Amino acid sequence: MRLEFLVRRKGIDATAETCLEALQGLMGLAVERVEHGKLWRFELEGDGERAQRKEEIARAACRAGRYVNTNRDVYAWLDESAAAAVVPPGHSATDLWIREGEGNDPVAQAYFAAKLGARLLHLQHGTLYRLWAPLADPAAARAFALEVAVSKSRRQGLLMNPHSQTLEVLRVWRHESGEEGRY
Amino acid sequence: MTRVAVVEFPGTNCMHETAAALRAAGAVAEIVRWNAPAAAGAGFAAYVVAGGFAYEDRVRAGVIAAKHEILATIAAAAAAGKPVLGVCNGAQVLVESGLVPALESGRVEVALAPNAVRGWSGYYCGWVHLRPARHRGFLAGLPPETLPLPVGHGEGRFTGKMELFQRLERDGQIPLRYVTAAGGEASDFPLNPNGSLLGAAALSNAAGNVVALMPHPERAAWLYQVPETLPGAWGERRRQASGQELLGPGPGLAVYIQLVRAAAVWSEAS
């Protein structure tokens, strides 16, 4: 079973706003809004007791503020409505997940493995960026997001350095359509 | 006198000590802020992008500053052959702007990734030892001795394709490498403090006039900045020194002296 746990800042996220300023102000790109957070992907053995596993992960992540500081952060599950993007007509939002290397973390893996009631097969984490753009077509939105993301030169790309990071396009959201499909 | 610009972005915090080290090396150093009119950043004989946390390291260290228009001025200066040095966060800016190693003009070709070493994670602050290697640029004039300098970074691991780093080594584009105090191979942490490929502490462009350096020479520009506990010749000099001797040059000053000399040579030639 795959569970994706998203940790975001409460209130205004300075990283998302700084990122938007760089994309619009310094690079002149038509990105309308940026959201950002830390995304954890848990691969667990078995398919049952999904709600219970979520509860265990959330409790372990929040314990002593280890991976979620509840004074500062909020968490959501990527497959639930709390993490859904609200997109105006004619626009889209693309979810990009950028990891250092493959996003493996042996310390976090060992910690969560000891706390969960099911065998933890694999754990990865990285940064989720959600980019809003005035593009209705999901394929165009995806291509635009990749252009925005991958640093190729001083003028091209911001969010990931391909020489040390990996990128996954998770979803493209459209107006009232919810998830448009995984790539 | 040779005019050198010390470039400051919001979050840069080493511009004053960098300017002080440059003045001690014989330059007229001026701090140029990121939002100064373009004319204010032009006409210098050399540029130093100082260390700190430009834009609070948001998104990735150095990447937002790399998009700033002042980098176009620095890129033009680099193309003209003027010396350009990026220290720590400044090194991250130069890497993210494609000015180093610049095998293909303007392309981002390597990364300064989060430290990845056995036994440590995250930010690391301490003294390291460097060995100068063959270099075509202004660091070629460094004395052939082990150079102790402080580091302080969380994203200082030069990384990319191994073949590319081997090529950089072969072509003299790794001017400084982490070593032991005696000059031996730095196999592991903390000798190599971040896990850089081939122990690279600095990379340069092919011409050698643009250098991205992770350690901080301006924090070792005077002998009193050297810790008494440091092993090696510089530690011994520090232990023997007292009074006014402590105001003498530290190991890091040599880096700025080389830069200022190269800038002066460039100015005369042009």
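We name chains A, B, ... by the order of the sequence lines, and we start the count at 1 in each one. Given the structure is predicted, the values throughout are model-derived calculations rather than measurements.
Ranked by heavy-atom pairs under 4.5 Å with chain A, the list B:Lys161, B:Glu69, B:Glu96 is led by B:Glu96. By number of non-hydrogen pairs under 4.5 angstrom with chain A, the leading residue of B:Pro114, B:Ser121, B:Gly160 is B:Pro114. Put simply, of B:Leu71, B:Val95, B:Val110, B:Ile64, the one with the most heavy-atom pairs under 4.5 Å next to chain A is B:Val110.
Of the candidates A:Lys54, A:Arg53, A:Arg59, A:Glu56 forms a salt bridge (Lys or Arg N to Asp or Glu O under 4.0 Å) with just one, namely A:Arg53.
Using modelled atom types, one finds no donor on one side chain facing an acceptor on the other under 3.5 Å when comparing B:His68 with B:Asn35.
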Would you please test B:Glu185 and B:Arg131 for salt bridge (Lys or Arg N to Asp or Glu O under 4.0 Å) and show each step?
-> CA-CA 10 Å; B:Glu185 240 9 74; B:Arg131 183 174 60 207; 3.6 Å; yes
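For chain B, no part of A:Glu21 is nearby; none of its heavy atoms comes within less than 4.5 Å. Looking at B:Arg60, the atoms closer than 4.5 Å to chain A (heavy atoms on both sides) all sit in the side chain, from C-beta outward. Interface remark: A:Ala16 contributes no atoms to any contact with chain B (heavy atom separation under 4.5 Å). With a 4.5 angstrom heavy-atom cutoff, B:Ala72 touches chain A via backbone and side-chain atoms both.
The cationic group of A:Arg66 lies under 6.0 Å from the six-membered ring centre of A:Tyr111 and within 45° of the ring axis, placing it in a cation-pi geometry.
Annotation: the span from A:Arg72 atom CZ to A:Arg9 atom CZ amounts to 4.0 Å, rounded to 0.5 Å.
Within a 6.0 Å radius of CZ in A:Arg155, no more than 12 heavy atoms belonging to other residues, nucleotides or ligands are found.
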